2 protein chains.
Amino acid sequence: MIVGQGRSNGQFTPCDLCPLRQRRGLRAFTADELAFVKEFKTDELRVDAGASFLREGTRSEYLYTVLHGWAFRYKMLDDGRRQILNYALPADMLGLQGALMREMEHSVEALTPLTLCVFPRAKLWDLYSRFPSLAFDITWLAAREEQLIDEHLLSIGRRTSLERTAFLLLHLFARAEESGLVKDNAIQFPFTQQHLADTLGMSLVHTNKTLKRLMLSRAVRWKDRVFEVVDRAALAEIAGEDVAPRAPRPFI
Amino acid sequence: MIVGQGRSNGQFTPCDLCPLRQRRGLRAFTADELAFVKEFKTDELRVDAGASFLREGTRSEYLYTVLHGWAFRYKMLDDGRRQILNYALPADMLGLQGALMREMEHSVEALTPLTLCVFPRAKLWDLYSRFPSLAFDITWLAAREEQLIDEHLLSIGRRTSLERTAFLLLHLFARAEESGLVKDNAIQFPFTQQHLADTLGMSLVHTNKTLKRLMLSRAVRWKDRVFEVVDRAALAEIAGEDVAPRAPRPFI
DNA sequence: GCACCCGTATGTCATAGTTAAATGCCGCCC
DNA sequence: GGGCGGCATTTAACTATGACATACGGGTGC
């Protein structure tokens, strides 16, 4: 395996025993589709937290689905300025751009220890030829990612720092909830304030101050690394809108 | 036709006589693909400048390709704050998110008088089943749009206002060049400073001042509504990077 | 136990960016 | 041709945010 600093983890989750299968909200496969996806997946990769396993400017031979853990997509400027584009949670797909195009135009880093299902781009044509439903799902996933980035761009471009901070936390909370990572309205988020800053397009210091203001609102509590949504309506009010429940979605 | 304020324009460009076909850089169709696309296109729509023919929150029954003119995708906040997400030029696809999902999550407005090829979402499954190459192209177009938005988010999040203004103008200029809209390094862009401001995530006034600073750099000239790139290398220097030539791309 | 490192927090000052208001230009109508 | 209205562009005053410097707390390794 030649993918960044990741390595095969010697454990392989068969697709029919995939824990993601049990999740409500994810489209079920037909038997034929499942059989194909089992064949499509050639490996399982474990990546250390902090490792960038997809690099801007490189060619990606694989498509990935997150099985466990969190990752984030990011772009750098020459002088080290970084913009985090989006986070990937279990069931999210990574590397599609690189699989379709000449080279990756963003990088992907593991935020936590990460387990990825590995799909070779060389088999993508097979998938498109034999399973239009899966091809449709891949397009759907790309369109969804675009929607998330559109929303994010609206935040960075037009919301105040407090609004956008509230919105991002609400959004990530909702997605973690969907992934079954939330208990009693609380979660230990794996990202630092610097990650938040780089996602919000703000400086670290200003992010810290904005978080403090948010905490003073009593909508959230963030103590001992545990983030708790105390009053979701109040948080949504600050954000300017709530995050709508997502319709059932595909994954591969 | 029930699409916003647009209307059928009584003129119909057959796909085999499509002017976009003559453009270098766009993938050619096989005879079979062309025959299918002729059938896929059911109408041609002309939209007045300023009309929003796709609205956030509505369901979109169609997919569109821009034949003539410029449009832009945008999202609004409740209080009227607007973020322009991206511009669409000839050969660009619009409405894919709405065609795939329950409803549109952004709106699309014609910047100039616009001519659109109309493709019904109801036939999308047919396309995916019979023409995996076209299905692949649609996914490619979605991924490309995502790339453009990623780049844009990097700009808004991390570049200074001067850098991001330079970058956006360079980017739009390069795309207009690809569309054959540029002559002698000059073009009459159809957008106002307010459009630029809403794209850059800046206020109108700050945009104006930033443009003035850019004009002082002598990299560009903008007089009598004609935008001219005088020194492309200097403009790219201010932007922080040049816009790479695009690989051949599909369109439908 | 101590030192170091990383993440979080705070105060001060500077400046990039916004708001409010003014000016310029163009098109339309009388 | 002149006046008016609307839109685009510009200027001056004010504020949200960035940058710098520093402090504090907790965890890890020696």
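Reckoned from all heavy atoms, side chains included, excluding hydrogens, waters and symmetry mates. Just so it is clear: chains get the letters A, B, ... in the order the sequence lines come, proteins before strands, and each one is counted from 1. Note that this is a predicted model, so its numbers are computed, not measured.
Across all strands, B/Leu204 comes closer than 4.0 Å to base atoms (heavy-atom distances). Backbone-only engagement by A/Lys212 is indicated by non-hydrogen atom pairs under 4.0 Å involving sugar-phosphate atoms exclusively. Residue contacts for B/Ser161: at a heavy-atom cut-off of 4.0 Å it reaches the sugar-phosphate backbone alone, with no base atom in range. Within 4.0 Å of B/Thr160, counting heavy atoms only, lies no atom of the nucleic acid at all.
By the side chain to side chain contact (heavy atoms under 4.5 Å, CB included) test, A/Ser179 is found to be paired with A/Arg23, A/Leu89, A/Pro90, A/Leu181, residues two or more places apart in sequence or in another chain being considered. Remark: B/Arg218 pairs with no residue by the side chain to side chain contact (heavy atoms under 4.5 Å, CB included) rule, at least two apart or across chains. With sequence neighbours excluded, no residue satisfies side-chain hydrogen bond (donor to acceptor under 3.5 Å, both in side chains) with B/Glu103. Partners of B/Arg213 according to the salt bridge (Lys or Arg N to Asp or Glu O under 4.0 Å) rule, which considers only residues two or more places apart in sequence or in another chain, do not exist here. With sequence neighbours excluded, the residues forming a ring-ring contact (aromatic ring centres under 6.0 Å, His included) with B/Phe251 are B/Phe29, listed by chain and number. Residues that satisfy the salt bridge (Lys or Arg N to Asp or Glu O under 4.0 Å) test with A/Asp231, not counting sequence neighbours, are absent from this structure. Listed by chain and residue number, A/Phe191 satisfy the ring-ring contact (aromatic ring centres under 6.0 Å, His included) test with A/Tyr87 (two or more places apart in sequence, or in another chain). Evaluation of the salt bridge (Lys or Arg N to Asp or Glu O under 4.0 Å) rule for B/Lys75 yields A/Glu151, B/Glu56 as partners, not counting sequence neighbours.
From one end of the helix from C/dG1-D/dC30 to C/dC30-D/dG1 to the other, with five pairs defining each end axis, the axis direction shifts by 30° (rounded to 10°).
In this entry the distance linking CZ of B/Arg159 with C1' of D/dG18 reads 19 Å, nearest Å. In this entry the distance linking CZ of B/Phe227 with C1' of D/dT9 reads 17 Å, nearest Å. With rounding to whole Å, B/Arg213 atom CZ is found 16 Å from D/dT11 atom C1'.
Each side chain to side chain donor-acceptor pair (under 3.5 Å) pair with one or both residues in residues 160-172 of chain A, not counting sequence neighbours, appears once here: A/Thr160-A/Glu163, A/Ser161-A/His206, A/Glu163-B/Arg81, A/His171-A/Arg175.
For the contact set between residues 187-203 of chain B and DNA chain D, defined by any heavy atom under 4.0 Å, the members are B/Thr192, B/Gln193.
Under 3.5 Å, the side chains of B/Thr192 and B/His195 contain a donor-acceptor pair of N or O atoms.
Bracketed by its first and final contacts, the part of DNA chain C lying under 4.0 Å from non-hydrogen atoms of chain A reaches from C/dT8 to C/dT12 in 5' to 3' order.
For B/Asn208 and D/dT10, the shortest distance from a side-chain N or O to OP1 or OP2 is below 4.0 Å.
When each of A/Leu211 and B/Lys209 is assigned the nucleotide of DNA chain C with its nearest heavy atom, A/Leu211 is the one assigned upstream, toward the 5' end.
The aromatic rings of A/Phe189 and A/Trp222 sit perpendicular, their planes meeting at an angle over 60°, well past the 30° parallel limit.
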